Structure formats: structure tokens, C-alpha cells
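Notes for the one structure printed next.
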Amino acid sequence: MSQFTINMVFIGLSFALYIGIALWSRAGSTKEFYVAGGGIHPITNGVAVAGDWMSAASFLSMAGMVAFMGYAGSAFLMGWTGGYILLAMLLAPYLRKFGKYTVPSFVEDRYQSKAARMIAVVSLLCISLTYMIGQMTGSGVVFARFLEVSVDAGIWIAAGITFFYAVLGGMKSVTYTQVAQYCVLIVAYLVPPIFISMQLTGNPIPQLGMISEVTGESVHVMTKLNGVLTDLGFAEYTAYAADPLNFFLLTATLMVGTAGLPHVIIRFFTVPKVADARWSAGWALVFIALLYLTAPPVASMARLNLMDTVYPNGSQANPIDYEHRPDWMNNWMETGLLKFEDKNGDGLIQYYNDANPAFKATADERGWAGNELTVNNDIMVIANPEIAKLPGWTIGLMAAGAIAAALSTAAGLLMAISSAVSHDIVKVTLKPDLSEKGEMLVARIAMLGTLVVSAWLGMNPPGFAAQTVALAFGLAASTLFPALMMGIFSKRINGTGAIAGMLAGITLTLVYIFMFKGWLFIPGTANFPDTKEFWFFGVNPLGIGFFGAIVNFIVAYGVSLATQPPPQEIQDLVESVRYPKGAGAAINH
Amino acid sequence: MVDKQVAQAYWKMNLRLIAGCIVVWALVAYGIAMFFREALSSIRFGGVDVGFWFAQQGAIITFVCLVFFYAWRMNQIDKKFGMNED
């Protein structure tokens with residue numbers, strides 16, 4: 001069987017599973033469409049949150065970022081897990097007690113303001129759309145490689161498939177398909193590193209392999225990797241962050257943003273009790289940590305294997321001949337995500353850091369005229385089994401897992417977007433007499449529109465999948481998180497304050513991002529090049545969300561103090577969400 | 001309706017627990033793995049320093065433990081103050 005056939009079999013089988021589940025649990029009423037009719041067990045809910053949460057960014061892009069950034073890539077690892085602490089302690093249980101379906105409805109009730117609700121809805125749409133662009137970019141990479149089509153064609157195929165099954169069922173099928181998708185993606189993610197760790201260190205547990213000695217050599221994996229990298233002018237893998245400010249800001253932004261992500265928060269409305277919301281956050285983090293703890297060994301071993309492939313006789317000897325390149329390089333060159341250019345015309349693949357002035361003398365001495373190999377970060381994880389020469393079925397498994405990761409999140413985001421448009425904008429604000437059927441129709445049109453826009457922008461994304469997604473977290477951090485947290489922990493914050501805070505947060509964050517990434521992410525519309533010399537005070541747009549959040553907190557508090565405190569009934573509402581007793585089922589409104 | 005004094009004491013316990021967890025959370029992620037990494041760099045194992053290991057592994061493990069600790073402790077406090085559902 002050819003590799004293409006094996007991939008198709010794995011992808012086909014996994015799809016048959018998801019579609020089967022979607023058909024089996026087709027949603028009936030609007031209530032079921034949104035929150036799966038109430039009671040989902042905390043562990044099941046935790047798996048679904050994990051499946052929903054871990055997207056193309058976590059699955060494909062993150063280990064690739066860590067592989068090329070080394071220690072500095074830890075911002076993604078700590079940021080995307082550390083946020084669950086904030087979510088579990090500061091938001092989830094209280095919002096569950098509040099007991100309504102959506103984040104905007106909490107904002108409206110707490111701040112007694114339709115305007116506040118609209119700002120929350122707009123923030124939610126900005127966050128989810130940006131997030132979707134990252135998913136589309138990632139799916140494009142996967143489909144391009146495994147269906148052997150161009151990246152752009154891959155993106156449109158992904159959009160079509162996502163639409164198909166997000167429409168088939170609502171949240172219920174999404175909840176159970178997400179459980180299935182989590183299982184597929186986690187198996188796909190964990191199997192290759194076990195083999196790779198065995199090959200490299202003889203230890204089947206990748207997390208231990210990462211800190212073990214390389215088989216047959218009395219040198220640790222990390223020490224060897226550091227040595228190879230410095231030989232070629234790259235920074236050491238374990239080097240201190242070259243830009244500590246942005247390392248800190250990115251970590252903080254991702255943490256705060258995680259807690260403010262609407263499509264994750266609504267998941268906590270679906271558990272039966274407040275106590276379950278707390279457990280559910282814990283279970284979600286366990287299932288997420290399984291992947292996040294494996295990503296670092298994946299990253300370091302993939303980087304080492306990549307260097308070994310290019311320099312089979314060690315970094316001091318000559319690299320491989322282009323004519324003898326391995327098959328996986330060919331496969332990826334076809335997608336355009338791996339590029340080779342023979343700058344010095346010697347037929348060998350020189351891969352080194354030509355941006356390092358201190359290394360120029362060594363490069364000249366070795367007769368090198370510039371780096372000749374460009375590797376897109378986003379391909380590292382799926383290329384990993386091929387680079388390590390693992391059997392064909394592990395590659396097929398990888399294909400199914402990567403697609404599961406991208407689609408599960410895309411489906412969850414579509415739900416959040418469509419409910420914001422159909423329920424919050426159309427039903428509540430514009431046309432209160434809309435029938436249930438009409439609401440479903442609007443929801444589906446919103447899904448279609450979202451997919452078209454995000455697929456189009458995904459073809460010229462503002463960064464690697466993980467970076468695009470990081471921008472979405474910046475928006476969540478600067479808008480929803482402060483409004484929700486202060487709404488629970490402070491009785492003094494009033495509607496005027498919350499509105500001013502959210503507007504200040506989103507304006508600062510969006511404008512800063514758009515100035516460097518292009519207005520509405522449309523290519524060619526950026527005011528400044530996205531490089532350190534141009535960043536204000538050296539702040540990377542990926543890390544601006546943390547400042548957005550601080551500005552939001554300060555403005556909201558300041559304006560609230562200058563205006564009337566909220567009425568007694570609101571103070572009673574705040575009081576009541578703090579106590580689990582008498583939560584009951586989530587109610588409609 | 002919940003008794004006012006009990007409610008206040010309950011909320012105070014919750015805030016204290018949250019503060020404790022946040023301190024541990026910050027100490028691990030922003031302390032050991034970030035700002036104190038250089039100061040702790042003499043502690044090494046498996047070819048890496050302790051700060052690097054925490055940034056890529058230890059912090060995540062700590063987060064998992066923290067979330068479960070909070071859920072367990074808080075559910076206990078709920079019961080103690082009669083705030084639990086049924």
C-alpha cells in the first residue's frame with residue numbers, strides 16, 4: 001500500500017467515526033443545539049474542553065515553534081496551560097452558578113446594559129474569527145500534505161468539511177465528536193514520540209528521553225542538540241530568552257487570554273453543578289497536559305533529527321547531497337513549505353544560521369554562501385515521523401490526528417460565533433420575535449460566512465498558526481477576562497466602567513496588532529514592518545494583550561469610582577454567583 | 001437565603017485559597033521558570049538546568065496539581081459552610 005493510500009484510510013476511518021456520532025446525536029431544539037441539554041459528566045466535559053481547546057495551533061504549530069525557539073518557545077507551553085488556573089478559580093464556577101448560556105448574557109445582566117452586551121459580542125467575534133484564521137492556516141498545511149494538493153486548496157477543503165458537520169448537529173454532537181476527536185488526536189500525538197524516544201535514547205517515555213543520554217554516546221540529548229546548533233551558528237536550544245520582556249508578555253497574555261476565551265467558557269455551562277465546573281477545569285487540564293508535556297520532547301527530538309538528517313556525519317562534516325535527499329523533503333517541497341536553494345552551487349544542502357554575524361567567518365571558511373534550506377515551523381510535527389523514518393501507519397495516524405485537532409476547534413468556534421450572531425445580535429437586539437427555526441437558519445448562515453472569511457484570510461495569515469492564535473488570546477485577555485472577573489469579584493464596578501474598560505482594552509490591542517499585522521489582517525495594509533526596531537517600547541504585538549488587560553482593569557475601575565455604584569439588585573446578583581448553593585440547571589432567557 | 005456572616009466568612013476563605021494558589025502559580029511560572037532561572041542555573045540534571053525543565057515540564061505538572069487541589073479544597077469548604085448543592 002502506498003503512503004497516500006494509508007493516509008486516506010486513516011483519515012477516512014476517523015471521519016466515518018465523527019459523522020456517525022454526529023448523525024447519532026442530531027440536535028433537536030435550540031436549547032440542545034447550544035448546551036447539549038444540560039448534564040454532561042465533568043470528565044466527559046473535560047475531554048470535550050481539551051478536544052475543543054487543542055487546535056491546529058497546539059497540535060501542529062506549537063512543538064514546531066518550540067523546536068525552533070527552544071526555551072523561548074516555553075511561553076506557549078506555560079501560557080496555554082497556566083490560564084486554566086485562572087479559569088478554574090476566577091471564572092468557571094461563578095459563571096456556572098449564574099447559569100445562562102452565553103458570555104454576553106452575563107455581561108448584559110451584570111452591567112445592566114445592552115451596549116455592554118454588544119461590546120462583548122463584538123469582542124467575541126473578533127477573538128473567534130482571528131482564532132479561526134489560525135485553524136484554517138493549520139488545516140491548509142495538513143490537507144496540502146496528505147491530500148497532495150496546494151495549501152490554498154487544502155484550506156478550502158477544510159472549510160467545506162468543517163461546515164458540513166458543524167451544521168449536521170449542534171453542541172451535543174459537537175461534544176461527543178469532540179470526545180472522539182480528542183482520542184484520535186492524542187493517540188496520534190503520543191505514538192510517534194514514543195518510537196522516536198526509543199530510537200534516540202532507549203527510553204520509551206519521551207519526557208524522560210528528553211533528559212536522558214543519547215544511545216551509545218555518553219552525552220545528554222539536550223547537550224548534544226546545543227552542541228550541534230552552536231556548531232551551525234544557531235542559538236543554544238536551552239539559551240536564555242533573547243528577548244525576556246516579550247517572553248514574559250507572551251506568557252502572561254496567553255494565560256489571561258485562555259481564561260477569557262468565550263468558546264472555552266461556555267463549556268462550563270454544560271456541567272450539572274458548580275462543584276463539577278471546578279472538577280471539569282481540572283480534568284480538562286489533565287487531558288491538555290498529556291499533549292503539552294509531550295510537545296517539548298517532540299520539539300527537541302525533531303530538531304535533533306532534522307539536524308542529523310541534513311548533517312548525517314556530524315555538524316563538522318559536510319551536509320547531505322541534494323540528489324540524496326530523503327523522500328520526506330521531496331513531499332514537503334511540493335507543498336512549498338520546505339524550500340531549497342543551492343546558493344553556492346555545490347549540490348550540498350547547507351543549513352545554518354546566516355543571520356548570525358559572529359558565525360560569518362566560519363561560514364566563509366567552509367565555503368558557504370548563505371543558508372540553503374528553509375523549513376516552515378508548522379510542518380515539524382507532522383513531518384516528525386517521516387524524518388525519524390517511522391513506519392507508514394504512524395504517518396497515517398498523524399494525518400488523522402492533525403485533522404481532528406484543527407476541525408474540533410473550528411467546530412467549537414463556529415458554534416460560539418453562530419450563537420453570538422443569531423442569538424445575541426439578531427434575536428436579542430434586532431428581531432426579538434424571531435422563531436426558533438429562524439434562529440437556526442441565521443446561525444447556519446453565520447457559520448458559512450465565517451468559514452469563507454477565515455479561509456480567505458487563512459491563505460495569507462498574519463503568522464504561523466500558533467502566532468495567529470496567540471493574537472486571538474491577546475484580544476480575549478484585553479476584553480472579556482477583565483469584564484468577567486471584575487463582574488464577579490467587585491461589587492463596585494458598574495456598567496459605565498465596564499464599557500469604558502472593554503473599549504479601551506480592545507482599542508489598544510486591536511490597533512496595535514493591526515498596525516503591525518495589517519488592518520483586518522489584509523496583507524499589505526500594515527503601517528510598520530513587524531520587527532523589533534519598529535515595535536513601540538519593544539513590545540511584540542503577540543504580547544500586547546497583557547497591557548490591554550491592565551488598561552481595561554484600570555479604566556473600568558477608575559470610571560466606576562467616578563460614577564454611581566451599581567444598584568442593590570446587581571450587588572445581590574454578584575453576591576449570589578459567589579455561592580454555589582441553589583444553582584439548579586442552566587436556564588434560558 | 002444564605003446568612004450574611006456565614007456568607008462573608010465563606011467568601012473570605014475562598015479568596016484566601018485563591019491567593020495561595022495564585023502565589024504558587026506565579027512562583028513556578030514567572031519565578032523558577034523565568035526570572036530566577038539564572039540564579040538557579042547551578043541546579044542541573046539530565047543535561048538541562050532546573051529553570052529550563054520547569055519552563056517545559058515542571059510548570060505544567062504544577063498547574064495540574066493546583067487545579068485539582070483548588071477543586072478538592074473548595075468543595076470541602078462548600079460543605080463546611082453548607083454552601084454545597086444538595
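Note on naming: letters A, B, ... go to the chains in the order of the sequence lines (proteins, then strands), and numbering restarts at 1 for each one. Here the structure is a predicted model, which means the values were calculated and not measured.
- Residues Leu86(A) and Ile22(B) have side chains in contact (heavy-atom distance under 4.5 Å, counting atoms from C-beta outward).
- For the pair Thr251(A)/Met34(B), a side-chain contact is recorded, criterion being any heavy-atom separation below 4.5 Å from C-beta on.
- A salt bridge is absent between Lys273(A) and Asp78(B); no separation between the charged side-chain nitrogens and carboxylate oxygens falls under 4.0 Å.
- Using a 30° and 60° split on the angle between ring planes, Tyr30(B) and Phe248(A) fall in the perpendicular class, above 60°.
- Contacts of Ala239(A) with chain B are made by backbone atoms alone, with heavy-atom separations under 4.5 Å and no side-chain atom involved.
- When heavy atoms are compared at a cutoff of 4.5 Å, Ala59(B) approaches chain A solely by way of its side chain, counted from C-beta outward.
- The 12-atom threshold is exceeded at CD of Glu569(A), counting heavy atoms of other residues, nucleotides or ligands nearer than 6.0 Å.
- If you measure heavy-atom distances from Phe69(B) to chain A, you find no contacts under 4.5 Å at all.
- Proximity to chain A (any heavy atom under 4.5 Å) is restricted, for Trp53(B), to the side chain, taken from C-beta onward.
- If you measure heavy-atom distances from Ala277(A) to chain B, you find no contacts under 4.5 Å at all.
- Around CD of Gln571(A), the count of heavy atoms belonging to other residues, nucleotides or ligands within 6.0 Å exceeds 12.
- Between chain B and the options Ala75(A), Ala252(A), Pro244(A), heavy-atom pairs under 4.5 Å are most frequent for Ala252(A).
- Contact detail for Val64(B) and Ala289(A): the closest heavy-atom pair is CG2-CB, 3.7 Å.
- Among Cys65(B), Ala29(B), Gly51(B), the residue with the largest count of heavy-atom pairs under 4.5 Å with chain A is Ala29(B).
- In this pair, Phe68(B) and Trp279(A) present their aromatic rings tilted. The plane angle is within the 30 to 60° band.
- Residue Gln8(B) touches chain A through its backbone alone, counting heavy-atom pairs closer than 4.5 Å.
- From Tyr70(B), atom OH reaches atom CE of Met89(A) across 7.0 Å, with rounding to the nearest 0.5 Å.
- Taking every heavy atom of both residues into account, Gly82(A) and Trp25(B) meet most closely at O-NE1, 3.1 Å.
- Nearest approach of Arg278(A) to Val67(B), heavy atoms of both residues: O-CG1, 4.5 Å.
- Within the 4.5 Å cutoff, side-chain heavy atoms of Tyr240(A) are placed close to those of Ser41(B).
- Ile85(A) and Phe63(B) get closest at one heavy-atom pair: CD1-O, 3.3 Å.
- Residues of residues 202-211 of chain A placed with any heavy atom under 4.5 Å of a heavy atom in chain B are listed by number as Gln207(A), Met210(A), Ile211(A).
- For a residue to count as touching a neighbouring chain, one of its non-hydrogen atoms must lie under 4.5 Å from one of that chain's; by this rule Trp283(A) touches chain B with backbone and side chain alike.
- Heavy-atom neighbours of chain B within the stretch residues 214-224 of chain A, taken at a separation under 4.5 angstrom, comprise His220(A), Met222(A), Thr223(A).
- At least one side-chain heavy atom of Leu15(B) sits under 4.5 Å from a side-chain heavy atom of Phe489(A).
- Heavy-atom distances place the side chain of Leu90(A), and not its backbone, under 4.5 Å from chain B.
- Closest approach of Met78(A) and Ala33(B) over heavy atoms only: SD-CB, 3.8 Å.
- Counting heavy atoms from C-beta on, the side chains of Tyr10(B) and Tyr579(A) come closer than 4.5 Å.
- With a 4.5 Å cut-off on side-chain heavy atoms, Ser74(A) and Gln57(B) do not count as touching.
- The two residues Gln56(B) and Leu293(A) come nearest to each other via the heavy atoms O-CD2, 4.5 Å.
- In this structure, Arg492(A) places its CZ atom where more than 12 heavy-atom neighbours from other residues, nucleotides or ligands lie under 6.0 Å away.
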